Colleague: 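I have a structure I would like to understand better, so I am pasting it below and will then ask my questions one at a time.
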Amino acid sequence: MLRKLLLLIVLGMIAGGAGFWFLSVPVRIDPAKLAAARPGDLKRGESVFWAGGCASCHAAPGATGDARLVLAGGHELVTPFGTFVTPNISPSDQGIGKWAFEDFANAMQAGVSPDGRHFYPAFPYTSYARMQVQDIADLYAYLKTLPPSDNVAGPHKLGFPFNIRRGIGLWKRLYLSPEPVLAIADASDAIKRGQYLVEGPGHCGECHTPRNAIGGLDKTRWLAGAKAPEGKGVVPNITGGEGGIDNWSAKDISYALESGFTPDFDSLGGSMTDVVQNMAHLDPADREAIAAYLKAIPAHPNGFPKP
Ligand code: HEC
Ligand code: HEC
């Protein structure tokens with residue numbers, strides 16, 4: 001993958017600045033696809049909101065209970081590329097109050113802002129790109145009903161070259177795709193639903209899959225566990241491979257997602273605490289679907305080096 005990126009860069013250089021400009025241009029979603037969406041359904045939108053985990057990153061740091069519905073931003077994400085500060089996405093002038101559905105859908109699925117800039121993939125649109133447009137429409141309608149906040153979130157703290165958004169256009173050519181990650185033969189309806197939830201809105205792979213040097217997910221080790229993005233510790237392997245969760249039943253998995261308790265009566269902590277708070281709001285059938293999918297995926301040994 002790194003070689004492919006270098007090739008793109010070299011090609012860009014041969015073609016001159018114009019080549020780079022062409023290859024990195026922000027690409028929007030086909031308006032006809034967006035026009036096909038029905039007006040959003042609030043109840044479905046609420047469930048998409050919890051599946052998508054928006055509160056984990058956009059609620060104020062440390063918010064609990066109803067305060068998690070105030071998407072004021074200001075949450076800091078520490079990564080090897082620098083620190084990202086999440087924006088306010090509440091329905092206010094400081095947030096996305098003036099955004100049209102097309103603006104919102106392009107942010108969520110193409111990683112493009114209303115004024116045509118690339119978003120950083122710390123916003124997990126590479127997963128959200130796999131969502132159904134109707135789910136995006138339902139989510140948009142639901143977000144409009146949440147409390148507004150006037151918070152102005154601070155700027156990201158990034159060094160060169162990561163502070164240049166245009167370069168993300170090249171990265172997207174490699175890693176942004178609406179296609180499913182896995183092809184699972186003879187998948188049941190539950191497995192298909194679980195696949196949609198995990199690979200799309202649930203964005204589980206963003207934490208549980210190892211990344212290469214330029215931050216692309218290594219899909220050949222899908223969900224095999226990874227070094228924690230903030231540098232210390234690991235995110236566990238959730239496949240059935242060595243070091244993974246082969247000894248967890250599907251029931252153990254769906255129960256852990258609902259309650260935070262593991263089969264050995266430990267409780268899930270770290271960044272998984274927020275994920276569990278979100279998953280607890282889902283329909284029980286959706287948690288079971290996620291468990292069915294995790295039981296059906298290829299097993300891999302741990303995707304992180306031994307300590
Ligand atoms: C892992 C953390 C994370 C999660 C989860 C997350 N976001 Fe974000 N989001 C970000 C970051 C970081 C940015 C800023 C990206 C940038 O500046 O390029 C962002 C930006 C955005 C923006 C653009 C706002 C603006 O003013 O430019 C929207 C809209 C958005 N997110 C919506 C959502 C929704 C809806 C969800 C849930 C489905 C969600 N996000 C989940 C981290 C996250
Ligand atoms: C923000 C990063 C993040 C996201 C997103 C995330 N996880 Fe996790 N997950 C973690 C961390 C960190 C742990 C370890 C928690 C601990 O050790 O207390 C964990 C633990 C787990 C475990 C327990 C594994 C074990 O061996 O103890 C399961 C199961 C799990 N996650 C499933 C999921 C599923 C399913 C999703 C998507 C819906 C998901 N995770 C999304 C960070 C994340």
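Counting starts at 1 for both ligands and their atoms, following the listed order. What you see is a predicted model; the values in this text were computed from it and never measured.
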Colleague: List the closest protein heavy-atom neighbour of atom 27 (O) of ligand 2: residue, atom name, distance to the nearest 0.1 Å.
Modeller: W248 CZ2, 3.6 Å

Colleague: Can you tell me how far apart CD1 (I191) and NZ (K295) are? Round to the nearest 0.5 Å.
Modeller: 11.5 Å

Colleague: Using a strict 4.0 Å cut-off to heavy atoms of V235, name the atoms of ligand 2 that fall inside it.
Modeller: 10 (C), 11 (C), 42 (C)

Colleague: Using a 4.0 Å heavy-atom cut-off, say whether I245 meets ligand 2 through its side chain, its backbone, both or neither.
Modeller: side chain

Colleague: Is ligand 2 less than 4.0 angstrom away from at least one heavy atom of I253?
Modeller: no

Colleague: Measure the spacing between CD of E46 and CG of L146 and express it to the nearest 0.5 Å.
Modeller: 8.5 Å

Colleague: Considering non-hydrogen atoms of the protein only, which is the closest contact for atom 37 (C) of ligand 2, and what is the distance?
Modeller: C204 SG, 1.9 Å

Colleague: Is V198 near ligand 2, meaning one of its heavy atoms is under 4.0 Å from it?
Modeller: no

Colleague: Just checking, is any N or O donor in the side chain of Q277 or T64 under 3.5 Å from an acceptor N or O on the other one?
Modeller: no

Colleague: Say whether L143 and ligand 1 are in contact under the criterion: heavy-atom distance to a ligand atom below 4.0 Å.
Modeller: yes

Colleague: Counting only heavy atoms, which portion of P236 has something under 4.0 Å from ligand 2: side chain, backbone, both, or neither?
Modeller: side chain

Colleague: Tell me whether ligand 1 is touched by R117 - counting only heavy atoms on the residue side and a distance under 4.0 Å.
Modeller: no

Colleague: Protein heavy atom under 4.0 angstrom of atom 31 (N) of ligand 2, is there one?
Modeller: yes

Colleague: Classify the ring geometry of W171 against Y175: parallel below 30°, tilted from 30° to 60°, perpendicular beyond 60°.
Modeller: tilted

Colleague: Nearest to atom 23 (C) of ligand 1, what protein heavy atom do you find, and at what distance?
Modeller: F119 CZ, 3.5 Å

Colleague: For N237 and H300, indicate whether the former's side chain and the latter's backbone hold a donor-acceptor pair under 3.5 Å.
Modeller: yes

Colleague: Taking atom types as modelled, is there a side-chain donor on Y125 or N106 under 3.5 Å from an acceptor on the other?
Modeller: no

Colleague: Any side-chain heavy atom of R165 within less than 4.5 Å of one from S113?
Modeller: no

Colleague: Tell me which protein heavy atom sits closest to atom 22 (C) of ligand 2, plus the residue, atom name and distance to 0.1 Å.
Modeller: I238 CG2, 3.9 Å

Colleague: Could you please spell out the steps behind the side chain to side chain contact (heavy atoms under 4.5 Å, CB included) verdict for T145 and L42?
Modeller: CA-CA 9 Å; T145 68; L42 293 183; 3.7 Å; yes

Colleague: Among the heavy atoms of A122, does any lie under 4.0 Å from an atom of ligand 1?
Modeller: yes

Colleague: Is there a donor-acceptor contact under 3.5 Å from the side chain of T86 to the main chain of H75?
Modeller: yes

Colleague: Report, as a single number, the protein N, O or S atoms less than 2.8 Å from atom 8 (Fe) of ligand 1.
Modeller: 1

Colleague: Which of the listed options, W50, F104, F49, W99, holds the heavy atom that is closest to atom 25 (C) of ligand 1?
Modeller: W99

Colleague: May I ask you to identify, for L77, whether its side chain, its backbone, both or neither come under 4.0 Å of ligand 1 on a heavy-atom basis?
Modeller: side chain

Colleague: If you measure from OG on S127 to CD on Q109, what distance do you get to the nearest 0.5 Å?
Modeller: 11.5 Å

Colleague: Do Y196 and M131 have side-chain heavy atoms sitting under 4.5 Å apart?
Modeller: yes

Colleague: Give the atom numbers and elements of ligand 2 that come within less than 4.0 Å of a heavy atom of I290.
Modeller: 35 (C)

Colleague: Tell me whether ligand 1 is touched by H75 - counting only heavy atoms on the residue side and a distance under 4.0 Å.
Modeller: no

Colleague: Under 4.0 Å, heavy atoms only, figure out whether ligand 2 is touched by the backbone of M279, its side chain, both or neither.
Modeller: side chain

Colleague: Quick one: look at V275 and ligand 2, take heavy-atom pairs under 4.0 Å, and tell me if it's side chain, backbone, both or neither.
Modeller: side chain

Colleague: Tell me, which protein residue and heavy-atom name are nearest atom 41 (C) of ligand 1, and how many Å apart are they?
Modeller: Y128 OH, 3.2 Å

Colleague: If you have a sec, work out which protein heavy atom is nearest atom 17 (O) of ligand 1 and how many Å separate them, to one decimal?
Modeller: H156 NE2, 2.7 Å

Colleague: Salt-bridge test for D218 and R211: reply yes if a basic N is under 4.0 Å from a carboxylate O, no otherwise.
Modeller: no

Colleague: Using a cut-off of strictly less than 2.8 Å, determine whether S271 has an N/O/S atom near atom 8 (Fe) of ligand 2.
Modeller: no

Colleague: Among all the protein's non-hydrogen atoms, which is closest to atom 33 (C) of ligand 2, and how far away is it?
Modeller: M272 CE, 3.3 Å

Colleague: Report the relative orientation of the aromatic rings in Y128 and H203; use parallel for angles under 30°, tilted for 30 to 60°, perpendicular for over 60°.
Modeller: perpendicular

Colleague: Measuring from atom CG of D252 to atom CD1 of I245, what distance do you get when rounded to the nearest 0.5 angstrom?
Modeller: 9.0 Å

Colleague: At less than 4.0 angstrom from any non-hydrogen atom of C207, what atoms of ligand 2 do you find?
Modeller: 1 (C), 2 (C), 3 (C), 4 (C), 5 (C), 43 (C)

Colleague: Side chains of residues 47-59: which donor-acceptor pairs under 3.5 Å do they make with residues two or more places apart or in other chains?
Modeller:
residue	atom	partner	partner atom	Å
S56	OG	G53	O	3.4
S56	OG	N278	ND2	2.8
H58	ND1	P87	O	2.9

Colleague: Does the N or O separation between G269 and ligand 2 drop below 3.5 Å for any pair?
Modeller: yes

Colleague: Rounded at 0.5 Å granularity, tell me how far CG in L143 sits from CD1 in I136.
Modeller: 10.0 Å

Colleague: Examine ligand 2 and decide if any of its atoms is less than 4.0 Å from a heavy atom belonging to H208.
Modeller: yes

